[in-house]
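Below is a structure I'd like to ask you about.
Computed from a predicted model, the values in this text were never measured in an experiment.
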Amino acid sequence: MTAGAKPWTARILTLFPEMFPGPLGHSLAGKALAARLWALETVDIRVFARDKHRSVDDTPFGGGPGMVMRPDVVDAAIGSVVDAGGADPGGRVLYLSPRGRLLDQALVRELAGGAGVNLLCGRYEGLDERVIEARGLEEVSLGDFVLSGGEPAAIALIDGCVRLLPGVLGAEATLEEESFERGLLEYPHYTRPAVWQGRTVPEVLLSGHHERIRAWRLERAEEITRARRPDLWSRYAAGRKV
Ligand code: SAH
């Protein structure tokens, strides 16, 4: 990175800016944040509420439980970050939503490779559909379960991206061997003590024979993937020349 260049930036639109950096202020991501290897900006959606009660939500048309985030307020918040144009991380806005495309390592890698991310966190029942359409929001889901807000999902997404940024993880090699990077889940790990509660460590790992260790790890990774994730396994097996 050249001096003065802006690092990879996570910009979060939220009703709860005080939730950030939260867990991202600690450990690996926190150290990288302090070292300015990435930057965090929050936009408080409530600031864009215009009525005297500062309301950001209202009851759903058609009835039913809960509240819906108002399109005018959310649109103004989005406009404050994208309408200026050109500013990193650009005009793309991801809306964390259980209806979205499932977040996976390929998307995390793609996002980490760009200038940063604009993330919109929903609360209550979610957003008025019209602002999703009008702003072309890309919906991204953390998984098939429902959170009470987009913030924990945004934190997870950012954490996944930050550890891929240059200089954040010490050994680049760790990344290549990790779960999903080769389309496989990871092999099992062991450390000292060599015997614990009567349980030993696989002999090969103590052999110092790097080629045999590599082969053993690949075998175990394949075995675990085949047993636990048939979906990943069939994709991997199809790509592998057998
Ligand atoms: N009524 C919605 C759920 C709203 S949950 C539905 O049934 O689909 C409130 C907010 O939490 C959402 O707007 C979204 O921003 C966030 N959220 C909930 N589950 C999520 C998930 N699996 N992935 C990403 N964000 C999620």
Side-chain angles (χ1 to χ4, degrees), residues 8-26 28-30 32-33 38-49 56-58 60 64-83 87-165 180:
W8 190 90
T9 301
R11 204 182 273 146
I12 302 139
L13 294 87
T14 171
L15 287 169
F16 298 95
E18 63 278 11
M19 288 190 182
F20 297 89
L24 296 169
H26 299 270
L28 192 80
L33 184 59
W38 68 288
L40 176 71
E41 295 171 11
T42 54
V43 174
D44 185 354
I45 296 172
R46 194 170 298 278
V47 167
F48 298 89
V56 294
D57 58 335
D58 211 327
M67 300 294 274
V68 176
M69 288 172 74
R70 292 173 53 125
D72 52 346
V73 177
V74 172
D75 179 67
I78 295 171
S80 77
V81 304
V82 304
D83 287 350
D88 289 343
R92 183 179 183 188
V93 180
L94 306 186
Y95 168 44
L96 282 318
S97 154
R99 302 190 315 188
R101 159 183 177 185
L102 275 182
L103 184 64
D104 62 10
Q105 192 65 12
L107 180 55
V108 167
R109 222 182 292 124
E110 179 196 325
L111 296 173
V117 283
N118 294 313
L119 301 177
L120 173 59
C121 302
R123 280 274 152 183
Y124 321 118
E125 293 304 320
L127 303 186
D128 184 303
E129 190 71 18
R130 293 168 295 177
V131 71
I132 299 176
E133 291 167 9
R135 286 289 183 179
L137 301 181
E138 284 177 62
E139 298 185 53
V140 176
S141 171
L142 207 59
D144 292 340
F145 53 91
V146 182
L147 296 164
S148 52
E151 291 81 4
I155 287 169
L157 185 154
I158 295 166
D159 185 85
C161 290
V162 164
R163 58 197 297 286
L164 298 183
L165 299 176
F180 308 116

message: Give me the atom names and distance for the closest heavy-atom approach of Ala154 to Cys121.
response: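 Answer, listing the atom of Ala154 first, then Cys121: CB-SG, 3.9 Å.
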
field: Residue pair Leu147 / Ala153: nearest heavy atoms and the distance that separates them
entry: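 Answer, listing the atom of Leu147 first, then Ala153: CD1-CB, 3.8 Å.
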
message: Return the OG1 to CZ distance between Thr14 and Phe20, rounded to the nearest 0.5 Å.
response: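 So the OG1 of Thr14 and the CZ of Phe20 are separated by 5.5 Å.
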
message: Assess the residue pair Phe48 and Val74 against the criterion (side chain to side chain contact (heavy atoms under 4.5 Å, CB included)); give the C-alpha distance rounded to whole Å, side-chain angles, the decisive distance to 0.1 Å, and a yes or no.
response: CA-CA 8 Å; Phe48 298 89; Val74 172; over 6 Å; no

field: Residues in salt bridge (Lys or Arg N to Asp or Glu O under 4.0 Å) contact with Glu110, at least two apart in sequence or another chain
entry: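 Only Arg92 meet the salt bridge (Lys or Arg N to Asp or Glu O under 4.0 Å) criterion with Glu110.
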
message: Ignoring hydrogens, what is the shortest heavy-atom contact between Leu102 and Gly143? Give both atom names and the distance.
response: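 So the minimum-distance heavy-atom pair works out to CD2-CA, 3.6 Å.
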
message: Under 4.0 Å between a side-chain nitrogen and a carboxylate oxygen: does that hold for Asp44 and Arg46?
response: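 No, Asp44 and Arg46 are not salt-bridged.
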
query: Hey, is CG on Asp144 packed in by over 12 heavy atoms from elsewhere, all under 6.0 Å?
result: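 Result for CG/Asp144: open.
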
- request: First locate atom CH2 of Trp8, then atom CG of Leu165, and finally report the distance between them rounded to the nearest 0.5 Å.
  value: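 So the CH2 of Trp8 and the CG of Leu165 are separated by 6.0 Å.
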
- prompt: Given Leu94, which of Leu120, Leu137, Leu111, Asn118 fulfils the side-chain contact (heavy atoms from CB on, under 4.5 Å) condition?
  reply: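 Only match with Leu94 under side-chain contact (heavy atoms from CB on, under 4.5 Å): Leu111.
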
message: Would you compute the distance between atom CG of Leu127 and atom CD of Glu139 and round it to the nearest 0.5 angstrom?
response: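 Leu127 CG to Glu139 CD: 8.0 Å, rounded to 0.5 Å.
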
message: Within the structure provided, determine whether Pro23 and Asp159 are in side-chain contact (heavy-atom separation under 4.5 Å).
response: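 Not touching, per the 4.5 Å side-chain cut-off.
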
- prompt: Do the non-hydrogen side-chain atoms of Ser141 and Arg101 ever get within less than 4.5 Å of each other?
  reply: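 A side-chain contact under 4.5 Å is absent here.
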
Pairwise distance CD(Glu125) to CG(Asp57) - rounded to 0.5 angstrom: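 Result: 10.5 Å between the selected atoms.
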
query: How far does CE of Met19 sit from CD1 of Ile155, to the nearest 0.5 angstrom?
result: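 It comes to 8.0 Å.
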
- prompt: What distance separates Leu96 CG from Leu157 CG, expressed to the nearest 0.5 Å?
  reply: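 So the CG of Leu96 and the CG of Leu157 are separated by 6.5 Å.
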
message: For a 4.5 angstrom cut-off between non-hydrogen side-chain atoms, does Leu107 reach Glu138?
response: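 Not in contact.
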
task: Tell me, please, which residues at least two apart from Pro21 pass side-chain contact (heavy atoms from CB on, under 4.5 Å).
output: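 Leu24, Leu33, Leu40.
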
field: Full working for side chain to side chain contact (heavy atoms under 4.5 Å, CB included) between Ile158 and Trp38
entry: CA-CA 10 Å; Ile158 295 166; Trp38 68 288; 3.7 Å; yes

task: Please report the closest heavy-atom contact between Arg123 and Ser148, naming both atoms and the distance.
output: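 Result for this residue pair: NH1-O, 3.5 Å.
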
query: Are Arg135 and Asp83 ion-paired here, with the side-chain N under 4.0 Å from a carboxylate O?
result: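 Salt bridge present between Arg135 and Asp83.
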
task: Could you tell me which non-hydrogen atom of Gly116 sits nearest to which non-hydrogen atom of Pro89, and how far apart they are?
output: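 Looking at all heavy atoms of both residues, the closest pair is C-CB, 3.1 Å.
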
- prompt: Met69 pairs by side-chain contact (heavy atoms from CB on, under 4.5 Å) with which of Ile45, Val131, Val56, Asp58?
  reply: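 The side-chain contact (heavy atoms from CB on, under 4.5 Å) with Met69 is passed solely by Ile45 among Ile45, Val131, Val56, Asp58.
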
Heavy-atom pair with the smallest gap, counting every atom of Met67 and Tyr124: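 Nearest pair, atom of Met67 first, then Tyr124: O-CB, 3.2 Å.
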
field: Partners meeting side chain to side chain donor-acceptor pair (under 3.5 Å) with Gln105 (sequence neighbours left out)
entry: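 Checked Gln105 against side chain to side chain donor-acceptor pair (under 3.5 Å); matches are Glu181.
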
